[in-house]
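Read the structure below first, then the notes.
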There are 2 protein chains.
Amino acid sequence: MTDNAASLTIIDIARLSGVSKSTVSRVLSGAENVSEEARRKVTEAVEASGFRRNELARSLRSGRTGMVGLLIPDIANPFWAEVARGAQDAATEEMASVLIFNSDWDPERERRHLMALTQSRVDGAIVNPVQNGLDELSRSQVPLVLIGSSAERFPELPSVGSDITQGVQLGLERLVQAGLGMPALLVGDPHRTARERFVGAVREFGAAHGWPVEALRLQDGHYTIEGGREAMKRLLQGGVPRVVFAANDMMALGALHAVREAGLNCPEDVAILGFDGTPAAEVSMPGLTTIMKPSRDIGRRAFELLSRKIAGDEDVPHMSLPCSLVERGTLPTREGPRVVRGEERTAT
Amino acid sequence: MTDNAASLTIIDIARLSGVSKSTVSRVLSGAENVSEEARRKVTEAVEASGFRRNELARSLRSGRTGMVGLLIPDIANPFWAEVARGAQDAATEEMASVLIFNSDWDPERERRHLMALTQSRVDGAIVNPVQNGLDELSRSQVPLVLIGSSAERFPELPSVGSDITQGVQLGLERLVQAGLGMPALLVGDPHRTARERFVGAVREFGAAHGWPVEALRLQDGHYTIEGGREAMKRLLQGGVPRVVFAANDMMALGALHAVREAGLNCPEDVAILGFDGTPAAEVSMPGLTTIMKPSRDIGRRAFELLSRKIAGDEDVPHMSLPCSLVERGTLPTREGPRVVRGEERTAT
DNA sequence: GTGAAAGCGCTAACAG
DNA sequence: CTGTTAGCGCTTTCAC
């Protein structure tokens, strides 16, 4: 094996195997119309020399890089890490790779990374938009798939998100089965569309089940453990609720702390249901029962949709992936731990 | 602004601004020897047309892609996600981007991704090696920086890791300050070099402090919550230790569960110290006091070293980054919560 | 200071 | 089936 295999070109291989560079190219890209003889000679030369085709040149010529961009708020956030992993898995299967950028929920960074993306000539991009003006990308013709609830602001673009309405229903049904009534709600940032969706779904379900929704108790708080603990404390001051449903796991975990600190027991005195599916929810005592968002699947499906769009498919749909219920210890027991899933929905 | 700005080339800009494409290229790459007049005209044309230079063509010509590869076991693992984030942050500052691949600790996958990396002509790569044969990459001349404790198998390559000896000392010093004696140890996979390092550091410290190290209690278990819980149960059967030091946070968390289940209190009856710094350790009750590995910094420094190596620096060092102590609730209190840091070390 | 010309390594017609 | 011939869009001598 040659040592500086890196600098070998297809011309060297052509010389080594006594054919033209076109033939080498054909063999390399697995074309059919090549004689066995030629294929063998080329293959041998390639293996003997350790040659690797220069993907850069190939991309320049073919216009395809085999790379897609992924623009998310923060890879260090477990939810987004799962999404990224899903996208990578799908990409790997199609021999593609993923370029990841973090926006930190900052429109300016988002804009800059969007530019970097288009310049590096990715074949397409998956983005969780934090701003309204997606001009940069939509103008630059890069095939795009949106992820997350904020995607709804761009109905013209394909998207995949979690079906939070279905998730809420799943949780609420679990509550009625356990004989619990309407939960008090712990919710986060009032500006996110996710919050409205969450509360709306609870109201709807409640109305359909004869709950006194006008008396629904809502406590706002910051989207963190501390925020959840404090919101729960405030809630407790207005009377101990039999069950609380938090819009995210961190707040639910904080609520669990607050319940304990108030000298109450979970799930005996107050039951808690979370929403997210963060790994951290597994380690609390008791473990948090929660509605899990299909994070990894979101990434995977987003890549698949993007793939279709890159291939020229005109009407790539909006997808809503079902949440699942993961039973741990913060709700009164039913028949033991299990996972309930919903069905995937697609709309164009 | 033109609509299909994507398909514009530097020749179009040349025509639009009435200069040659060489001049356009010069302006674009910020060369000095260009008249103000020309620079202005080109700049205007670029802005008016929304032109974006094709990085692919640039890369092909210049041999630089501005991309580095990052090959880690699993981006969905919080530790590696932090490492990735650190590398990305550093990369962004230098206008570079990061291509992430997951090996899942599988040598075969590692090999395949390594090949993909070299073919996409990244400028260099940061890898956590899972196998001994790094032939693929080392042969292919791609600048490389290793991360993680397994990096030591390749002394010829620059690397950055966490100083686990220092981390262990930090924890142990904290124990003696709290008046606690030699801890029982909860350790994971016997084959990883990390384990030996951990135990070795405890023995060394113990010997220096007159501990009866020959009586050191060691309990093996799987590197998970469940594994920790079971290992702790076994340990408990041989007598309740005053304090246990787990080689990783998941096991420590499991131990916490086991202690509770045995009707004991933490930290009153048995104190627990973890090692890792996973976010999940924050949510237990009490929160886990632990030694935190400098994960994000590892990623950042690795990128910086790689950058030097790409720039042609011949003697890029091995780096050992200090761990820090994060106080939460599983050790008897001292003066309240705080973080203690160590110092960074470099060796060539 | 500027333009012309020659590629970077590969793919894709187009003839044979 | 195979070789020849043009480029992909850009950078980079090399003259002027």
Side-chain angles (χ1 to χ4, degrees), chain A residues 2 4-43 45-46 49-67 118-123 140-141, chain B residues 2 4-43 45-46 49-67 118-123 140-141:
Chain A
T2 317
N4 51 355
S7 56
L8 252 38
T9 87
I10 128 178
I11 296 190
D12 296 306
I13 303 302
R15 188 156 12 81
L16 253 42
S17 51
V19 299
S20 75
K21 62 175 189 156
S22 325
T23 301
V24 176
S25 173
R26 289 191 188 100
V27 173
L28 257 29
S29 30
E32 291 298 306
N33 48 348
V34 182
S35 67
E36 268 319 305
E37 167 81 7
R39 186 182 305 280
R40 189 183 50 71
K41 285 193 297 190
V42 169
T43 313
V46 167
S49 63
F51 165 81
R52 274 318 130 67
R53 174 168 61 187
N54 183 330
E55 289 297 326
L56 234 49
R58 175 179 164 77
S59 299
L60 177 58
R61 192 66 238 259
S62 64
R64 279 285 180 76
T65 56
M67 292 189 323
T118 59
Q119 293 206 198
S120 31
R121 285 331 199 240
V122 292
D123 293 338
S140 67
Q141 316 279 69
Chain B
T2 318
N4 51 354
S7 57
L8 253 37
T9 86
I10 145 174
I11 296 191
D12 297 306
I13 303 302
R15 189 156 10 82
L16 253 42
S17 51
V19 299
S20 75
K21 63 176 190 155
S22 322
T23 301
V24 175
S25 173
R26 291 193 184 98
V27 173
L28 256 29
S29 31
E32 291 299 306
N33 49 347
V34 181
S35 69
E36 269 318 306
E37 166 81 5
R39 187 182 304 280
R40 190 183 49 70
K41 284 192 297 190
V42 169
T43 313
V46 167
S49 63
F51 165 80
R52 270 323 126 67
R53 176 168 58 186
N54 184 331
E55 289 297 326
L56 233 49
R58 176 180 164 76
S59 300
L60 177 58
R61 196 63 239 260
S62 64
R64 279 286 180 75
T65 56
M67 291 189 323
T118 59
Q119 295 207 197
S120 30
R121 290 318 204 249
V122 292
D123 293 338
S140 67
Q141 316 279 69

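What you are looking at is a predicted structure, and each value in this text was computed from that prediction instead of being measured. We name chains A, B, ... by the order of the sequence lines, and we start the count at 1 in each one.
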Residue closer to the 5' end of DNA chain D, B:E55 versus A:V34 (nearest nucleotide): A:V34
B:V19 has a side chain; which of C:dT11, C:dG3, D:dT11 sits nearest to it? C:dG3
Please confirm whether any donor atom in the side chain of B:S22 sits under 3.5 Å from an acceptor in the base of D:dT11, or the reverse. no
As a test of reading the structure: which of D:dG9, D:dC1, C:dC10 is closest to the side chain of A:N33, going by heavy atoms? D:dC1
N/O donor-acceptor pair, side chain B:S20 with base C:dA4, under 3.5 angstrom: no
Contact nearer the 5' end of DNA chain C, comparing B:S62 with B:E37: B:E37
Sub-4.5 Å side-chain heavy-atom contact between B:R53 and B:I10: no
For the side chain of B:R26, counting heavy atoms from C-beta on, which of D:dT2, D:dT13, D:dG9 is nearest? D:dT13
C:dC10 OP1/OP2 closer than 4.0 Å to side-chain N/O of A:S59: no
Assign A:T23 to base, sugar-phosphate, or nothing according to its heavy-atom contacts below 4.0 angstrom with the strands shown. sugar-phosphate
Would you say B:S35 reaches C:dG1's phosphate, i.e. side-chain N/O to OP1/OP2 under 4.0 Å? no
Taking OP1 and OP2 of D:dT11, is either one under 4.0 Å from a side-chain nitrogen or oxygen of B:R53? yes
Looking only at side-chain atoms of A:K21, point me to the closest of C:dT2, D:dT12, D:dT5. D:dT5
